[in-house]
Amino acid sequence: MSDIQDARIRGPRAYLTFVFIGLLAGLLSGLFGVGGGTVIVPLLVLMLQFDQRLAAGTSLAAIVPTASVGVISYAVHGSVAWIPAIILAAGAVVGAQIGTRLLPRISQSALRWGFVGFLVVVIISLFLVIPSRDAVFELGWINGAALAVVGVGTGILAGLIGVGGGVIVVPVLMLAFGTSDLEAKGTSLLMMIPTALSGTIGNLRHRNVDLLAALIIGLSACTMTALGAWLATLIDPFVGNMLFAAYLAFIAVQMTIKALRARGR
C-alpha cells in the first residue's frame with residue numbers, strides 16, 4: 001500500500017467507516033445467513049479506496065468472527081445441520097483451490113454474466129417456492145454426495161469471482177434440498193467458518209489482509225449478527241424470501257455493472 005492509501009484507511013473517519021460497514025454486514029449476515037462480503041468489499045472500495053484484492057482479503061478475515069456468532073445464534077434455535085455444513089465446507093475448500101487455478105483461463109465477463117443468470121433464476125424461484133419452517137434436513141448417501149458437489153461448486157465460484165458462501169448455499173439448500181429457511185441460513189454460516197479461515201491464511205501469506213480493519217469490522221459485525229438471526233426467526237418465511245430476493249437483486253445489479261464496465265474497456 002502507498003502512503004496515500006495508508007492515509008485514506010486510517011484515522012477517525014476510517015475507523016467509523018469500518019464500524020458502520022461491520023454493523024451493516026453483521027445485520028445482513030444474521031438475517032440472510034451470508035458472510036457479508038458482498039457488502040464489505042464494495043463499501044471498502046467505494047468509501048475508503050481499498051484495492052479490490054485487499055478489500056476481498058479483509059472481508060474474508062472479518063467473516064470468521066461474524067459467522068461464528070451467527071452459528072451460535074442459529075444453533076440456539078436448533079437451526080444448524082452440522083454434518084451437512086461440514087460436507088459443504090470440505091467441498092468448498094477443495095473448490096476454492098480449483099477456482100484460483102482456473103482463474104487465468106476463464107473469461108471473467110462470461111463468469112459474471114453466468115452468475116447474474118443464476119441469481120435471476122434463484123430470485124424467480126424464491127417467489128414460487130416457500131420453505132416450511134418445520135422442514136428438517138435428512139442426510140443420506142445421495143443428498144450427501146449432492147452436498148459435496150454444491151460445496152465444490154461454491155468454492156470454485158468463490159475462487160473465480162469472489163462471490164459464494166450464503167448467496168449460493170442458502171437458496172440451494174431451500175430450493176433443491178427442501179431445507180427450512182432458518183436451517184439453510186445456520187448451516188450456511190457454519191460452512192463459511194473453515195472456508196474463510198482457509199482463505200484468510202492464504203491471503204495473509206500474500207499480504208492481502210488489513211488485519212486492523214478486519215478486526216474492527218468483524219467485532220462490529222458480531223454486535224449485530226445475533227439481532228439479525230433473531231429477526232429472521234420472527235419474519236414469515238414468505239417475507240424472508242422476498243427480502244432475500246431483494247438482497248440477491250442488489251448483488252445481481254453489482255455484478256451486471258462490473259460485467260458492463262469490463263466489456264467497455
Side-chain angles (χ1 to χ4, degrees), residues 1-2 5-6 8-10 14 17-18 20-22 24-26 28-29 32 34-67 89 92-93 95-104 106-109 111-112 114-116 119 153-169 188-189 191-221 247-248 250-259 261-262:
M1 291 181 291
S2 66
Q5 189 175 6
D6 275 337
R8 287 176 177 173
I9 61 175
R10 291 293 181 264
T17 304
F18 294 151
F20 167 74
I21 292 172
L24 180 59
L28 294 176
S29 179
F32 297 131
V34 297
T38 49
V39 174
I40 297 171
V41 174
L43 289 183
L44 284 176
V45 172
L46 293 173
M47 299 179 72
L48 294 172
Q49 291 75 52
F50 265 61
D51 171 80
Q52 184 74 28
R53 290 183 179 178
L54 181 64
T58 302
S59 170
L60 203 59
I63 285 171
V64 176
T66 308
V93 170
Q97 301 303 314
I98 298 172
T100 52
R101 293 186 181 184
L102 291 175
L103 186 58
I106 299 180
S107 165
Q108 286 291 293
S109 178
L111 282 168
R112 289 186 181 120
F115 188 67
V116 168
L119 289 179
T154 301
I156 290 174
L157 273 178
L160 286 172
I161 57 178
V163 176
V167 174
I168 298 171
V169 172
S188 169
L189 287 168
M191 180 215 73
M192 288 178 204
I193 298 173
T195 309
L197 277 172
S198 175
T200 298
I201 291 170
N203 284 324
L204 284 170
R205 291 173 183 167
H206 294 93
R207 298 184 179 180
N208 282 335
V209 181
D210 184 328
L211 284 175
L212 179 59
L215 180 65
I216 297 174
I217 292 170
L219 291 178
S220 300
Y247 178 70
L248 294 181
F250 168 75
I251 297 169
V253 169
Q254 278 188 320
M255 299 300 292
T256 300
I257 292 171
K258 287 181 180 179
R261 285 177 178 172

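Along the sequence shown, the residues carry numbers beginning at 1. Below, all heavy atoms of this structure are taken into account, side chains as well, without hydrogens, waters or symmetry copies.
- Under the side chain to side chain contact (heavy atoms under 4.5 Å, CB included) criterion, Ala61 pairs with Thr200, Val209, Ala214, sequence neighbours left out.
- In this structure, Thr17 OG1 and Leu46 CG are separated by 12.0 Å, a value rounded to the nearest 0.5 Å.
- Leu204 has its side chain within reach of Leu211: a pair of non-hydrogen atoms, C-beta onward, lies under 4.5 Å apart.
- Taking Ala89 as the reference, Met191, Pro194, Thr195 meet the side chain to side chain contact (heavy atoms under 4.5 Å, CB included) condition, with sequence neighbours excluded.
- A pairwise comparison of heavy atoms in Gly26 and Thr66 identifies CA-CG2, 4.2 Å as the closest pair.
- Ser188 places no side-chain N or O within donor-acceptor distance of the main-chain N or O of Val169, the cut-off being under 3.5 Å.
- Considering every non-hydrogen atom in both Val64 and Ala196, the closest pair reads CG2-CB, 3.7 Å.
- Side-chain contact check for Phe50 versus Ile40: every heavy-atom pair is 4.5 Å or farther apart.
- Only one option out of Leu48, Ile217, Leu24 pairs with Leu43 in a side chain to side chain contact (heavy atoms under 4.5 Å, CB included); it is Leu24.
- Residues forming a side chain to side chain contact (heavy atoms under 4.5 Å, CB included) with Ala67 (at least two apart in sequence, or on another chain): Ile63, Leu189, Met192, Ile193.
- When every heavy atom of Ala213 is checked against every heavy atom of Thr58, the shortest pair comes out as CB-CG2, 3.9 Å.
- Residues satisfying the side chain to side chain contact (heavy atoms under 4.5 Å, CB included) criterion with Leu248, sequence neighbours excluded, are Leu119, Val122, Ile123, Leu126, Val167, Phe244, Ile251.
- Between the side chain of Thr256 and the backbone N or O of Ala252 there is at least one donor-acceptor pair closer than 3.5 Å.
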